[in-house]
Amino acid sequence: MKEAKQMSVSAIENGTVIDHVPAKNLFKVIQILGLDRIDNQITFGTNLESKKLGRKAIIKITGVFFEDEDINRIALVAPDAKLNIIRDYEVVEKKVVEVPDTIVGIAKCMNPKCITNFESVTTRFRVVSKKNVSLKCHYCEKITTQENMEII
Ligand code: CTP
Ligand code: ZN
């Protein structure tokens, strides 16, 4: 049996560890942060046990330190994510994600008649509620709630 303390993915020297990502949204986080398009070393583990999330994923990116603005883009798919900033193998800072005031791309407008659903226009929303996330479309003004939110 595995030791409880054992790390599932090895430690990194410098970079960012994103912990508490819901396993089902791991690849969405990778896509939103553009991790599929960088040359840095990335390791991840998924379907790890988590008391809070059931199954979580963890992503370790060597040599990358994100701007808060970029990191907050994952709030819709990983609201409980914890970021650990690593320097010289030590955790020097911990951050949580915050739902931003506006969301560009990422989510689909639930209004089938919205221009964003039949022309190639990037979706754009104002966040009208951060707790139970609900988004107001910049184009059609319809509200997309968490329940009917579809991630693009
Ligand atoms: N970590 C890492 N490389 C390091 C140091 C830490 O990959 N050089 C990872 C750990 O594996 C862990 C995360 O960064 O997943 C946070 O590290 P730490 O704060 O030491 O762990 P915990 O106390 O378990 O964090 P928390 O309870 O805040 O989730
Ligand atoms: Zn719309």
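When a ligand or atom number is given, it counts from 1 through the structure's own listing order. The residues of the chain are indexed from 1 along the displayed sequence. Nothing here was measured: the structure is a model prediction, and the numbers come from that model.
Of the listed residues (Thr123, Thr144, Asn117), just one forms a side chain to side chain donor-acceptor pair (under 3.5 Å) with Lys108, and that residue is Asn117. Checking Lys60, Lys82, Lys56, Lys94 one by one against Asp19, the salt bridge (charged side-chain N to carboxylate O under 4.0 Å, His left out) holds for a single residue, Lys56.
Using a 4.5 Å cut-off on side-chain heavy atoms (C-beta onward), Ile86 and Asn14 make no contact. Residues Arg126 and His138 are not in side-chain contact: their nearest non-hydrogen atoms beyond the backbone lie 4.5 Å or more apart.
Set against the non-hydrogen atoms of Lys60, the atoms of ligand 1 under 4.0 Å away are 2 (C), 7 (O), 9 (C), 11 (O). Counting atoms of ligand 1 from 1 in the listed order, those under 4.0 Å from a heavy atom of Asn84 are 13 (C), 16 (C). Each of the following atoms of ligand 1 lies closer than 4.0 Å to a heavy atom of Ile86: 1 (N), 4 (C), 5 (C), 6 (C), 8 (N). Within the listing of ligand 1, atoms 2 (C), 3 (N), 4 (C), 7 (O), 8 (N) sit less than 4.0 angstrom from a heavy atom of Ala11. Of all the atoms in ligand 1, the ones that sit under 4.0 Å from a non-hydrogen atom of Ile58 are 15 (O).
At a 4.0 Å heavy-atom cut-off, ligand 1 does not touch Glu13 at all.
For the residue pair Ala23 and Asn47, the shortest heavy atom distance occurs at CB-OD1, 3.5 Å.
On a distance-only criterion, Ser10 and ligand 1 share no N/O pair closer than 3.5 Å.
The environment of CD in Gln41 is sparse: at most 12 heavy-atom neighbours from other residues, nucleotides or ligands sit within 6.0 Å.
Take the Zn ion (ligand 2) and draw a sphere of radius 2.8 Å; the protein N/O/S atoms inside it number 4.
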